[in-house]
**Student:** 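Please find one structure pasted underneath; my questions will follow.
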Amino acid sequence: MCQFHQSAIIRRYLTKNPKLKASQELMKVVDLMTITDKESFVGALGLWYERWEVFLKERTKSPVTNKSTYTHKKLRSAYNSLKNNLPWLFTWYDHFELGIPNTTNAIDGHFSDLKNKLRNHNGLSIERKKSL
């Protein structure tokens with residue numbers, strides 16, 4: 001998981017200009033991802049969670065079905081995405097000697113070129129598409 005795509009996932013959950021204070025602070029933590037080391041980011045994310053843990057666990061009861069759901073679903077999803085992908089976000093940092101970039105933007109451009117070629121030749125059979 002590259003850091004750019006993780007940031008994009010968080011942006012989809014929270015938007016570019018979140019209204020909630022917790023969401024705004026999480027966006028600031030996510031912005032730190034590309035400019036700090038792994039330990040600092042993990043520490044900042046942990047501090048954010050400690051501060052907003054009770055807020056994240058708030059539940060709302062539906063008057064119709066009488067079932068409760070989490071009040072801040074998208075914020076929870078954004079945090080859980082970060083927490084679950086954390087082992088892979090700093091692979092470049094853990095193996096610095098390999099010269100791995102922190103983002104996959106260079107390879108994404110290569111894939112888009114291949115997709116355009118396939119789109120231009122959409123009458124090819126599956127076997128020929130694979131060889132292309």
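Only a predicted model underlies this, so the values are computations on that prediction, with no experimental measurement involved.
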**Student:** Minimum heavy-atom separation for N84 to P87, with atom names?
**Tutor:** O-CD, 3.4 Å
**Student:** To the nearest 0.5 Å, what is the distance between CG on L20 and NZ on K74?
**Tutor:**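 Answer for the CG-NZ pair, L20 versus K74, is 11.5 Å.
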**Student:** So, taking the atom named NE2 in H72 and the one named OH in Y79, what distance separates them when rounded to the nearest 0.5 Å?
**Tutor:** 15.5 Å
**Student:** Check T15 against M27 and note the closest heavy-atom contact, atom names and distance.
**Tutor:** O-CE, 3.9 Å
**Student:** Taking S81 for the side chain and S77 for the main chain, is one N or O donor matched with an acceptor at less than 3.5 Å?
**Tutor:** no
**Student:** Working to the nearest 0.5 angstrom, can you tell me the gap between D31 CG and F41 CZ?
**Tutor:** 10.0 Å
**Student:** Are F55 and L45 joined in one hydrophobic group, where the rule is that I, L, V, M, F, W and Y side chains link up if heavy atoms are under 4.5 Å apart?
**Tutor:** yes
**Student:** Going hydrophobic residue to hydrophobic residue with side-chain gaps under 4.5 angstrom, can you get from W88 over to V42?
**Tutor:**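 In one cluster: yes.
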**Student:** Any side-chain heavy atom of L14 within less than 4.5 Å of one from V30?
**Tutor:** no
**Student:** When clusters are formed by joining ILVMFWY residues with side-chain heavy atoms under 4.5 Å apart, either directly or through shared neighbours, do L75 and L32 land in the same one?
**Tutor:** no
**Student:** Nearest 0.5 Å, what's the CZ-NE2 distance between R11 and H5?
**Tutor:**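 With rounding to 0.5 Å, CZ (R11) is 10.0 Å from NE2 (H5).
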**Student:** Considering non-hydrogen atoms only, spot the tightest contact between A78 and L26 and give its length.
**Tutor:** CB-CD2, 4.0 Å
**Student:** If hydrophobic clusters are built by linking Ile, Leu, Val, Met, Phe, Trp and Tyr wherever their side-chain heavy atoms come under 4.5 Å apart, do Y70 and Y13 end up in the same one?
**Tutor:**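 Shared cluster, no.
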**Student:** State, with a plain yes or no, whether a side-chain heavy atom of L86 is found less than 4.5 Å away from one of K83.
**Tutor:** no
**Student:** To the closest 0.5 Å, what do you measure between OG (S7) and CZ (R12)?
**Tutor:**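 So the OG of S7 and the CZ of R12 are separated by 11.0 Å.
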**Student:** Hey, are the side chains of F4 and T34 touching, using non-hydrogen atoms and a 4.5 Å cut-off?
**Tutor:**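 No. Closest side-chain heavy atoms not under 4.5 Å.
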**Student:** What is the minimum heavy-atom distance between Q6 and N85, and which atoms define it?
**Tutor:** OE1-ND2, 2.7 Å
**Student:** I want to check something: taking the side chain as every heavy atom from C-beta on, are L82 and L89 in contact at a cut-off of under 4.5 Å?
**Tutor:**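 L82 vs L89: side chains touch.
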**Student:** If I compare all heavy atoms of R51 with all of E25, which pair ends up nearest, and what's the gap?
**Tutor:** NH1-OE2, 3.0 Å
**Student:** Can you tell me if N17 has over 12 outside heavy atoms packed within less than 6.0 Å of its CG?
**Tutor:**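 Count not over threshold, so no.
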**Student:** Knowing that exactly one of T65, T69, V64 qualifies, which makes a side-chain contact (heavy atoms from CB on, under 4.5 Å) with K67?
**Tutor:**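 With K67 as partner, side-chain contact (heavy atoms from CB on, under 4.5 Å) holds for just one option, T65.
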**Student:** In terms of the angle between their ring planes, are W48 and W52 parallel, tilted or perpendicular, with boundaries placed at 30° and 60°?
**Tutor:** tilted
